[in-house]
Amino acid sequence: MAVYTTIEDMRRVYKRRVPKMFYDYCESGSWTEQTFTENKTDFQKIHLRQRVAVNMANRSTRSEMIGQDVAMPVALAPVGLTGMQHADGEIAAARAAGKFGVPFTLSTMSICSIEDVAEHTEKPFWFQLYVMKDWDFVARILQRAKDAKCSALVLTLDLQLMGQRHKDIKNGLSAPPKLTPAVIADLATKWRWGMGMLGTKRRFFGNIVGHAKGVTDAAALGAWTAEQFDLELDWAKIERLRDMWGGKLILKGINDPEDAVMASKIGADAITVSNHGGRQLDGAMSSIRMLPSIMDAVGDDIEVHLDSGIRTGQDVLKALALGAKGTMIGRAFVYGLGAGGEAGVSKALEILHAELDKTMALCGERDVKALGRHNLIVPQGFEDPTVSI
Ligand code: GLV
């Protein structure tokens, strides 16, 4: 394996190894990419307090997310098309997460199906649902996730229609890719990826094709989403889904205090403060800047996780110190997957863990659960999303 010291190193190798269409799918935000960019730059506005002469031996990053033990509070987020970033990508990523001791979340829009991932992994995983118009399909997929012993349902609330990512349209994003001359020219330089894909049968949306009525070919993601997703999703339907599922429920895509309060009122186990990695509402605030006002609104009423913009262990630390109990990473593990399959995801987790652990020590902390505002220097006005900083 190449020498990787950062997640950014992995992104560069990933870009060389994976077809442009799938790299662009991962590495885009919607429209002007303002939110996609600010998710990352807002983390950099927070500084850490350097403390010395405190015992830093015997540190621990162990914690819990929704009552489940985690080796560090970092779960793998649901990422559509993961099995197009690397052959059998969902299985590879779930295995790496399981070995590391962090949760893996399987997307509705995965290539490997729920059953397939369950069969080829040992640890229970979380299942992410997009609510479709076809409630028979929704009921069936929830039952499939229960049968596969998924230990939480992650309900995504911020993508009932897709924010436009210009490159996906220009590239003609599809799974598997349509072999246009431009795609063939690109694939010629991505032989490692191609060999992997030739060696697997998993090349379609495994949870959908053959399960949703009338969907026999789920090639065009955008068109298919526009046709199937329930635009009328509301809190009453979310309560109905909560009851249909009956297990641990995480509501993902909350980026406003009022919605966080609603999520807590309906009795979800956790929320993920998220703007979908800047892929949906362009112009939305970064999730790290929304976190303080969301924490103020919900207090201890509901567990809070955060995603969008995390690329380093220092970012994880900042989210935890601002009150999140856990975090999720999407792109950070996909870079590892594209660069090196299962071993690449393991490496990405090791990098984040080492950064979190050593940074914690240099902040004078030994226990990830003891992190708090006292570890941070936060610019004035950061908590108030109406102030420009
Ligand atoms: C799906 O979750 C996407 O952001 O493309």
Side-chain angles (χ1 to χ4, degrees), residues 14 18-37 39-40 75-85 89-90 93 104-112 114 125-132 138 141 153-177 204-208 212 215 218-231 233 250-255 272-284 286-287 305 307-310 328-335 337-338:
Y14 160 54
V18 174
K20 180 176 174 345
M21 161 185 306
F22 300 118
Y23 173 83
D24 282 349
Y25 169 69
C26 170
E27 204 46 22
S28 294
S30 53
W31 288 290
T32 69
E33 301 195 334
Q34 177 190 355
T35 299
F36 171 63
T37 304
N39 278 337
K40 290 174 283 183
L76 271 55
V79 178
L81 293 169
T82 295
M84 280 290 133
Q85 304 290 0
E90 290 90 2
F104 169 78
T105 317
L106 185 72
S107 167
T108 299
M109 315 286 252
S110 60
I111 301 299
C112 305
I114 304 173
F125 54 94
W126 297 351
F127 176 66
Q128 175 270 346
L129 180 70
Y130 282 121
V131 184
M132 314 267 167
V138 170
I141 205 164
L153 177 68
V154 178
L155 193 58
T156 299
L157 302 180
D158 60 356
L159 193 149
Q160 288 314 107
L161 56 77
M162 257 176 145
Q164 180 163 311
R165 300 104 190 224
H166 306 305
K167 288 182 197 142
D168 292 351
I169 298 173
K170 291 180 173 127
N171 289 333
L173 175 71
S174 66
F204 298 91
F205 292 100
N207 290 328
I208 312 294
V215 182
L221 182 66
W224 181 77
T225 308
E227 207 176 288
Q228 300 290 325
F229 285 23
D230 184 1
L231 292 175
L233 178 67
I250 301 172
L251 297 182
K252 178 169 180 291
I254 303 277
N255 207 35
T272 315
V273 177
S274 170
N275 51 42
H276 216 103
R279 301 164 70 78
Q280 286 297 102
L281 177 63
D282 187 36
S286 67
S287 52
H305 304 162
D307 82 3
S308 302
I310 293 178
M328 277 189 149
I329 51 163
R331 295 184 180 93
F333 91 80
V334 171
Y335 301 164
L337 179 71

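Note that these values count all heavy atoms, side chains included, but never hydrogens, waters or copies made by symmetry. Each ligand, and each atom within it, is numbered from 1 in the order the structure gives. Everything quoted here is computed from the prediction, not taken from an experiment. Counting from 1, the numbers follow the sequence of the chain as shown.
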task = Using the test side-chain contact (heavy atoms from CB on, under 4.5 Å), find all partners of Ile169 that sit at least two apart in sequence or belong to another chain.
result = Gln164
message = Closer than 4.0 Å to some heavy atom of Arg165 - which atoms of ligand 1 meet that?
response = 3 (C), 4 (O), 5 (O)
ask   = Distance-only, no hydrogens or angles: does the Arg165 side chain make a donor-acceptor pair with backbone N or O of Glu27 under 3.5 Å?
value = no
note = Quick note on ligand 1: atoms under 4.0 Å from a heavy atom of Leu159 include exactly 1 (C), 2 (O), 3 (C), 4 (O)
key: Heavy-atom gap His276 to ligand 1 smaller than 4.0 Å   = yes
query = In ligand 1, which numbered atoms sit nearer than 4.0 Å to a non-hydrogen atom of Tyr25?
reply = 1 (C), 3 (C), 5 (O)
message = Taking a cutoff of less than 4.0 Å between a non-hydrogen atom of the residue and any ligand atom, is Met162 in contact with ligand 1?
response = yes
query = Under the salt bridge (charged side-chain N to carboxylate O under 4.0 Å, His left out) test, which residues partner Asp24, sequence neighbours left out?
reply = Lys20
request  = Find all atoms of ligand 1 within a distance of less than 4.0 Å from any non-hydrogen atom belonging to Tyr130, and give their numbers and elements.
outcome  = 1 (C), 2 (O)
key: Flag, side chain of Gln280 to backbone of Asp158, donor-acceptor distance under 3.5 Å   = yes
key: Parallel, tilted or perpendicular: rings of Tyr23 and Tyr14 (30°, 60°)   = tilted
